[in-house]
Student: 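Let me begin by handing over the structure; questions about it come next.
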Amino acid sequence: MISKNYHSMQYERLFNEHPIPMWIYEKTSLRFLSVNEAAVQKYGYNKSEFRQLTLKDIREPEEVLNFMENVTERCNGAQYRGIWKHRKKNGDNFFVEIYSHPTIYYGKEARFIMAKDIDQQVRSAKEAHELGVRYELLTQATNDAIYDKNLITNTLTWNHGLLNLFHHNEADAGTDLVQWWQNNLHPADSKRILTSLDECILSGNRYWSEEYRFLCADGCYKYVIDRAFIVYENACPLRMIGMIQDIDKHVKQAQRLEEQNQTLREIAWINSHEIRRPVVSILSIAGLFDKSNQDIHLNSRLMEWLHESTKQLDAVIHKIEYKAKDIK
């Protein structure tokens, strides 16, 4: 028959050699009664030092009150599980997930504790939460349309910019947002944009940027610039996060300036070419007039030519005036 001492030794060995920090504390005083080697390595106290401490000593002073309230309310004989921040001997803090249940240790009412280090998971989750908050604040602070495209599932999510920028809502877009985006590209831009995006992903580039026209809810097209960052894993494209910015006013203003420049160039050409012909004719005719007025027939003929050249000059001036009206 296996003795109780044998079972006790096996339990002690399992307790001491377990890779997760464990201890037993007295319920009334909160003093450590026994700790395993993993706890010694993790917290930096040796076993003798641990026996001089209470659970309050492995916590920051500002968390002790909350801890004591939890001990009173939760550690009343039932099993308990929770996440706490502990402090090592050197002052470093880290997060642990506590598993606790009641026990009797050498006749004392006690609790058995297993403290699993989850510091990296908690901090990663906290960082992800903070990134999520910053992302949400960014989307609220800008009128640009921000999107997140899953390149594996070919699904797309938008922020509120979809409504602000194009006056579309989710009901307009339906469920297939990728196809909806493609359908609203200007027909003259669609092939160029889709080809550019495919080539960017196939070549493994991380950055993509293009200008195109996108259909608004009122049926008009708006010029936009689309900039995106593509995330890869093992050369496989995973996500595409981008921002679409309204550049309609800038593009149309540039177009108007170009039209004005073209008009000015045309006016300059008219001044340098067309207007010179009737002016030269008028000057030449004026030089041929018989000032003594003896050759009435010649002067009469010259007057007809002068009248015709003046009409040509007047037509050119009206042409310049008409062109000048296009400059706004």
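All values reported here derive from a predicted model rather than from experimental measurement.
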Student: Taking the side chain from Asp226 and the backbone from Ser209, do they hold a donor-acceptor pair closer than 3.5 Å?
Tutor: no
Student: Evaluate the side-chain proximity of Arg87 to Ile58: yes if any heavy-atom separation is below 4.5 Å, no if none is.
Tutor: no
Student: Under 4.5 Å between side-chain heavy atoms, counting indirect links through other Ile/Leu/Val/Met/Phe/Trp/Tyr residues: same cluster for Trp208 and Val231 or not?
Tutor: no
Student: May I ask you to test the Ile113-Ile98 pair for a side-chain heavy-atom distance under 4.5 Å?
Tutor: yes
Student: Less than 4.5 Å apart, any side-chain heavy atom of Glu49 and any of Asp57?
Tutor: no
Student: Is there a side-chain contact between Tyr212 and Ile244 in this structure, where contact means two heavy atoms from C-beta onward sitting under 4.5 Å apart?
Tutor: yes
Student: Would Lys56 pass as a cation-pi partner of Phe67, given that its NZ or CZ must be under 6.0 Å from the six-membered ring centre and within 45 degrees of the axis?
Tutor: no
Student: Nearest 0.5 angstrom please: His18 NE2 to Asn36 CG, how far?
Tutor: 8.5 Å
Student: Nearest 0.5 Å, what's the CD-CD1 distance between Gln182 and Ile193?
Tutor: 11.5 Å
Student: Do Met114 and Met22 have side chains that get closer than 4.5 Å, going by heavy atoms?
Tutor: yes
Student: Does Phe214 have its ring centroid less than 6.0 Å away from the ring centroid of Tyr221?
Tutor: no
Student: Taking atom CZ of Arg192 as the centre, does the number of heavy atoms from other residues, nucleotides or ligands within less than 6.0 Å exceed 12?
Tutor: yes
Student: Quick one: are Val35 and Val40 in side-chain contact, heavy atoms under 4.5 Å?
Tutor: yes
Student: Determine yes or no for a side-chain-to-main-chain donor-acceptor pair under 3.5 angstrom, with Asn205 supplying the side chain and Tyr207 the backbone.
Tutor: no
Student: Taking everything shown except Lys89 itself, do over 12 heavy atoms lie less than 6.0 Å from its NZ?
Tutor: yes
Student: Which value, rounded to the nearest 0.5 Å, describes the distance between Cys220 atom SG and Asp248 atom CG?
Tutor: 9.0 Å
Student: For the residue pair Tyr147 and Trp181, establish whether any side-chain heavy-atom pair is separated by less than 4.5 Å.
Tutor: no
Student: Side-chain contact test, heavy atoms from C-beta onward, threshold under 4.5 Å: evaluate it for Pro19 versus Gln41 and give yes or no.
Tutor: no
Student: Nearest 0.5 Å, what's the CG-CG distance between Leu185 and Leu215?
Tutor: 10.0 Å
Student: I'd like to know if the side chain of Asp246 and the backbone of Val224 have a donor-acceptor N/O pair within less than 3.5 Å.
Tutor: no
Student: Shortest non-hydrogen contact from Phe95 to Asp117?
Tutor: O-OD1, 3.4 Å
Student: Taking a hydrophobic cluster as the set of Ile, Leu, Val, Met, Phe, Trp and Tyr residues connected by side-chain heavy atoms closer than 4.5 Å, whether directly or through intermediates, do Tyr106 and Leu33 fall within one such cluster?
Tutor: yes
Student: To the nearest 0.5 angstrom, please state how far the CG atom of Leu156 sits from the CE atom of Met240.
Tutor: 9.0 Å
Student: Checking His86 against Arg59: is there a side-chain donor and acceptor pair closer than 3.5 Å?
Tutor: yes
